[in-house]
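FYI, the numbering just counts along the sequence from 1. Numbering of ligands and ligand atoms starts at 1, following listing order. In this text, all values refer to a predicted model and were calculated from it rather than measured experimentally.
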Amino acid sequence: MTDPQRADELSERLSAVHQRIDQAVLASGRTDKPRLIVVTKYFPASDLRILAALGVTEMGESRDQEAAAKAQELADLGVRWHFIGQLQSNKARSVVRYAHAVHSVDRAPLVAALGKAFANRRTEPGQDTDSTSAAKTLACFIQVDLSTGDSRAATISGHQRGGAAPTDVVALGRLVQATDGLSLAGVMAVAPLGRDPVAAFGELAEISATLRGEFPAATGISAGMSGDLEAAVAAGATHLRIGSQVLGERPPLR
Ligand SMILES: *Cc1c(COP(=O)(O)O)cnc(C)c1O
């Protein structure tokens, strides 16, 4: 059962986001268009069905319990699930069952946990082994903490958003690359509160260039949310993670 009014609303909002991306691409002089990952966290499965019918094929979720339930309920849609939230190592076993990519790889023990979980993963009984969850590798983005000075202190004392120090990215990349079942997709970041996103994503682009110096295939740059996608596109983002501009204000945490 689809609510036709909600379907119209999502269709309009999605078109507006695509227009915004197209304009940002044009303004930046790029010839490629970044991928749009629609961040569906906290929104009901009915909205995700509408989005899939509108052509959305990549969806982002940040909490394992919610993502696992949606992936199971919506298995028929064939969407790719991107895990974008902070990830505890003990959730790795669950995440590898449905995720196409993890954007929040930020420490060595998590790399080990993901590798082990991927090697031991079981597909659900009756699950199609050709489905995306049965992919040969799990794409891993190294999440970078781009906070500086005061904002770094705020991140550490307040809500920890995760991310490796910029100087640890290459070492983590080596670890991912050396782990069976994992593939190094590139880097990911959230622009820190209180820092100009242009400067933050500029730094991310430099970190990406350093990583590509050693791993030329790790071309991914996952950056840009509803509030700062233009800065991310200008800095060369390959994957945009857009939530509220497509879906509206997020409902409160259940
Ligand atoms: C929620 C979230 C997004 C989407 O944010 P919006 O501002 O709603 O577009 C992107 N990335 C991460 C890591 C998130 O947690």
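Think of M225 as one node in a network of Ile, Leu, Val, Met, Phe, Trp and Tyr side chains linked at under 4.5 Å; its network also takes in F141, M188, V190.
Within the structure, salt bridge (charged side-chain N to carboxylate O under 4.0 Å, His left out) contacts touching residues 213-224 (residues at least two apart or in different chains) are R174-E214. Note on residues 12-21: pairs passing salt bridge (charged side-chain N to carboxylate O under 4.0 Å, His left out), not counting sequence neighbours, are E9-R13, R20-E230.
At a cut-off of 3.5 Å, with distance as the only test, no side-chain donor of S147 or R195 sits close to an acceptor on the other residue. Using modelled atom types and a 3.5 Å distance limit, the side chains of D47 and Y42 yield no donor-acceptor pair. With 3.5 Å as the limit, one finds no donor-acceptor pair spanning the side chains of S244 and E249.
Around ligand 1 you find V39, K41, I84, M188, V190, M225, S226, R241, I242, G243, S244, R250, each with a heavy-atom distance below 4.0 Å.
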